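Only this structure's heavy atoms are used, side chains among them; waters, hydrogens and symmetry mates stay out. A quick note: this is a predicted structure, and the numbers were derived from the prediction, not measured.
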Amino acid sequence: TFRTIVASTAPEDRSGRAYWHASMRMLEVLNRQNADDSRTPAIAREIRRLRLQPSWRAHPDICERIDAIASDVVGSD
């Protein structure tokens, strides 16, 4: 599962596409389940954490999708 990929990736290996793709997909799933905004704080917190990663811009297509989620959830962040 996406959660397993993210949880099992060592910090020094978090520049790989599999880690970033799984992180993005988890956010997309959470965002779809956020009709009542109850997950907004968790989604925003995870996006802030990901943006602080040294490899944040390693995969521009994934960053764009995460930015789109951020705009949807918390406005232009």
Side-chain angles (χ1 to χ4, degrees):
T1 66
F2 298 127
R3 184 176 297 183
T4 302
I5 293 168
V6 170
S8 65
T9 303
E12 62 273 10
D13 295 329
R14 290 184 180 163
S15 62
R17 187 164 184 85
Y19 170 80
W20 284 97
H21 183 261
S23 296
M24 176 208 53
R25 292 293 293 134
M26 284 176 34
L27 288 169
E28 288 177 337
V29 169
L30 287 173
N31 192 32
R32 278 197 307 273
Q33 298 172 345
N34 194 35
D36 65 355
D37 291 331
S38 65
R39 296 177 185 261
T40 296
I43 295 168
R45 186 173 48 251
E46 181 63 10
I47 290 171
R48 284 191 302 272
R49 186 189 71 75
L50 289 169
R51 286 177 171 167
L52 292 173
Q53 300 276 335
S55 57
W56 164 241
R57 293 285 174 198
H59 308 284
D61 58 321
I62 292 173
C63 291
E64 286 176 18
R65 287 173 67 177
I66 293 173
D67 285 341
I69 296 165
S71 292
D72 186 47
V73 173
V74 294
S76 42
D77 192 24

Locate the shortest heavy-atom distance separating Ala18 from Ile5; write the atom from each residue and the value.
O-CG2, 3.7 Å

Between Asn34 and Arg39, is there a donor-acceptor pair closer than 3.5 Å when you use the side chain of the first and the backbone of the second?
yes

Determine whether Trp56 and Ile47 fall in the same hydrophobic cluster, where Ile, Leu, Val, Met, Phe, Trp and Tyr are linked whenever their side-chain heavy atoms lie under 4.5 Å apart.
yes

Minimum-distance pair of heavy atoms, taken over all atoms of Ala58 and Ser15:
CB-O, 4.2 Å

Rounded at 0.5 Å granularity, tell me how far CE in Met26 sits from CZ in Arg3.
5.5 Å

Pair Arg17-Asp61, side chain to side chain contact (heavy atoms under 4.5 Å, CB included): steps then yes or no:
CA-CA 11 Å; Arg17 187 164 184 85; Asp61 58 321; 2.5 Å; yes

Minimal non-hydrogen separation, Ile62 against His21, with atom names:
CD1-N, 3.6 Å

Can you name the closest pair of heavy atoms from Ser38 and Asp36 and give their distance?
OG-OD1, 2.8 Å

From CZ (Arg51) to CD (Glu46), nearest 0.5 Å:
11.5 Å

Taking Arg32 first and then Asp72, would you say they form a salt bridge - that is, a charged N and a carboxylate O separated by under 4.0 Å?
no

Evaluate Val73 against Leu30 for side chain to side chain contact (heavy atoms under 4.5 Å, CB included), listing each step before the verdict.
CA-CA 10 Å; Val73 173; Leu30 287 173; over 6 Å; no

Approximate separation, where rounding is to 0.5 Å, of Ile69 CD1 and Asn31 CG
6.0 Å

Hydrogens and angles aside, do Trp20 and Ser55 bring a side-chain donor and acceptor to less than 3.5 Å of each other?
yes

What's the separation between atom CD in Gln53 and atom SG in Cys63, rounded to the nearest 0.5 Å?
11.0 Å

With a 4.0 Å cut-off on N to O distance, would you call Asp67 and Arg57 a salt bridge?
yes

Which is it for Tyr19 and Asp13 under the side chain to side chain contact (heavy atoms under 4.5 Å, CB included) test, yes or no, and what are the steps along the way?
CA-CA 8 Å; Tyr19 170 80; Asp13 295 329; over 6 Å; no

So which heavy atom on His59 is nearest to which on Gly16, and how close?
NE2-C, 3.6 Å

